[in-house]
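Only heavy atoms go into these numbers, but all of them, side chains included; no hydrogens, no water, no symmetry mates. Remember, it's a predicted structure, so these values are computed and weren't measured experimentally. Letters go in sequence order (proteins before strands), and every chain restarts at 1.
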2 protein chains.
Amino acid sequence: MDTLAFDRHDHRSCIAAGVAQAEAQCASAGLQFTPVRRRVLEILLAGHRAMGAYDILEVLREEGLGSQPPVAYRALDFLVSNGFAHKIERLNAFVACSHMTEDHAPAFLICRACGSVAEAEIRLERGRLGEAAAQAGFTIERTVVEAEGLCPNCAEGRGA
Amino acid sequence: MDTLAFDRHDHRSCIAAGVAQAEAQCASAGLQFTPVRRRVLEILLAGHRAMGAYDILEVLREEGLGSQPPVAYRALDFLVSNGFAHKIERLNAFVACSHMTEDHAPAFLICRACGSVAEAEIRLERGRLGEAAAQAGFTIERTVVEAEGLCPNCAEGRGA
DNA sequence: GTTGCGATGAAATAACGTAACATCTATATC
DNA sequence: GATATAGATGTTACGTTATTTCATCGCAAC
């Protein structure tokens, strides 16, 4: 489990590492890591929290990188499709992926008090839902696994 | 696993049973099972699929039971809060609960081709995410577990 | 050099959801 | 029976999230 999001750490290094990783993967896959896409990933990595598409758009707008919703949504779609970011359905928001190197089904712990989001890796298809789906003849293509509650920091009397 | 949603069955009986169950639980819990709430549950049970709040509102409007969004959202909030319906975050839509008798954490199989939704019961906190959350000191209050893919009917060459 | 494809710009609109406030109704209390 | 209270409803207005559509641009292949 990645509890990074609940602890302090050096943002600058995680931004640089994330961008570098994405850049490398795009290069080897023949994908265009364009300025807008790069910048959106940087914004997500810098925020290190779930951000709405319109939050991101506001930053892009200030920087002259785009002003209309499709600019943000298209960049986010690219990042999500290629595993560099994830959408948190419960929040209608997006986070940078924290396990870019591995192909994985993400799961999230969402703190309802401070809004921080931690990413875990989970193999749902090996669990009970996966068994049940197989039994029913259902083919799982994508999973949404999100747990909402209180992170350790907020649980200390401040969030309950 | 409940694969009911993928098979043919008698809708009338599941509507009647669901409404009766909700009515009984409201009576014993001192909750008001008002006409709008009842009707929204009937609509969800009759649809036996995920429906948007505005789909439901349209029906209510035709029947003179309300015409503004809050009417639908309030009824849906009531049904969801009391376990008679669930929200599918992935679809921004709602389904009637198919296990009203038991207190449960729901999980869903969503067919991307036909839109049908099957509900399973899952105890995520006993699985790997639960362990990880416990280890990280995270308190889970609510879970969202949704798998998207192809149901057996649609997998037969029609959806792939 | 032109064809084709993916990316971008921009306008408009669709879809989803909530805040705020007035009103009503059933029940509890006096 | 009058009145206070809490929950439910009606209505207006607005806020947030997301997509459709069409024009344009830039680059790489042929």
Side-chain angles (χ1 to χ4, degrees), chain A residues 22-23 26-27 29-41 43-44 47 49-82 84-95 112 115 144 146, chain B residues 22-23 26-27 29-41 43-44 47 49-82 84-95 112 115 144 146:
Chain A
E23 184 159 33
C26 285
L31 300 169
Q32 299 184 46
F33 196 51
T34 66
V36 180
R37 292 170 178 177
R38 169 189 293 264
R39 187 66 190 119
V40 171
L41 180 57
I43 292 166
L44 286 175
R49 61 191 171 84
M51 300 181 73
Y54 280 74
D55 296 337
I56 289 162
L57 181 58
E58 191 177 337
V59 178
L60 295 178
R61 186 176 282 146
E62 287 165 1
E63 297 175 355
L65 276 170
S67 60
Q68 301 303 319
V71 173
Y73 282 102
R74 286 196 283 230
L76 287 165
D77 283 349
F78 173 85
L79 297 173
V80 170
S81 300
N82 294 289
F84 305 137
H86 301 293
K87 179 169 190 181
I88 310 291
E89 299 290 345
R90 174 70 179 141
L91 303 176
N92 293 321
F94 301 83
V95 283
R112 67 165 160 79
V144 174
E146 299 169 3
Chain B
E23 183 158 35
C26 285
L31 300 169
Q32 299 183 43
F33 196 53
T34 66
V36 179
R37 293 169 177 177
R38 168 189 293 266
R39 187 65 190 118
V40 171
L41 181 58
I43 292 166
L44 286 175
R49 61 192 171 84
M51 299 181 76
Y54 281 73
D55 296 336
I56 289 162
L57 181 58
E58 191 177 336
V59 178
L60 293 178
R61 187 176 282 145
E62 286 165 1
E63 298 176 354
L65 275 171
S67 61
Q68 301 305 318
V71 173
Y73 281 102
R74 286 197 284 232
L76 288 165
D77 283 349
F78 172 86
L79 296 174
V80 170
S81 300
N82 294 288
F84 306 138
H86 302 293
K87 180 169 188 182
I88 311 292
E89 299 290 345
R90 173 69 180 143
L91 303 176
N92 294 321
F94 301 83
V95 283
R112 68 165 162 79
V144 175
E146 299 168 5

Identify each atom pair where a protein N or O and an N or O of nucleotides 7-9 of chain C are less than 3.5 Å apart, giving names and distance.
unit_1 : atom_1 : unit_2 : atom_2 : d
C:dA7  : OP1    : A:R37  : NH1    : 2.9
C:dA7  : OP1    : A:R37  : NH2    : 3.1
C:dA7  : O5'    : A:R37  : NH2    : 3.3
C:dT8  : OP1    : A:T34  : OG1    : 2.7
C:dG9  : N7     : A:R74  : NH2    : 2.6
C:dG9  : O6     : A:R74  : NH1    : 3.4

Indicate yes or no: at least one non-hydrogen side-chain atom of [X] is less than 4.5 angstrom from one of [Y].
X	Y	result
A:V144	B:E89	no
A:M51	A:V95	no
B:V40	B:L65	no
B:R39	B:V59	yes
B:F94	B:I88	no
A:C26	A:N82	no

Send over the distance from [X] [atom1] to [N] [atom2], rounded to a whole Å.
X	N	atom1	atom2	result
B:R39	D:dT9	CZ	P	15 Å
B:L60	D:dA8	CG	P	17 Å
A:L76	D:dA18	CG	P	9 Å
B:E58	C:dA15	CD	P	11 Å
B:D77	D:dA8	CG	C1'	13 Å
A:L57	D:dT19	CG	C1'	14 Å
A:Y73	C:dA10	OH	P	19 Å
B:I56	C:dC16	CD1	C1'	13 Å

Within 45° cone of A:F78 ring axis and under 6.0 Å: A:R37 NZ or CZ: yes
Check: B:Y54 side chain, C:dG17 base, donor-acceptor under 3.5 Å: yes
Distance, nearest 0.5 Å, that separates CG of A:L91 from NZ of A:K87: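 A:L91 atom CG to A:K87 atom NZ measures 10.5 Å (nearest 0.5 Å).
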Atom pair CD/CD1 of B:E63 and B:I43 - distance to nearest 0.5 Å: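 If I round to the nearest 0.5 Å, the distance is 5.5 Å.
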Any residue of residues 84-93 of chain A with a heavy atom less than 4.0 Å from an atom of DNA chain C: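 The answer is none.
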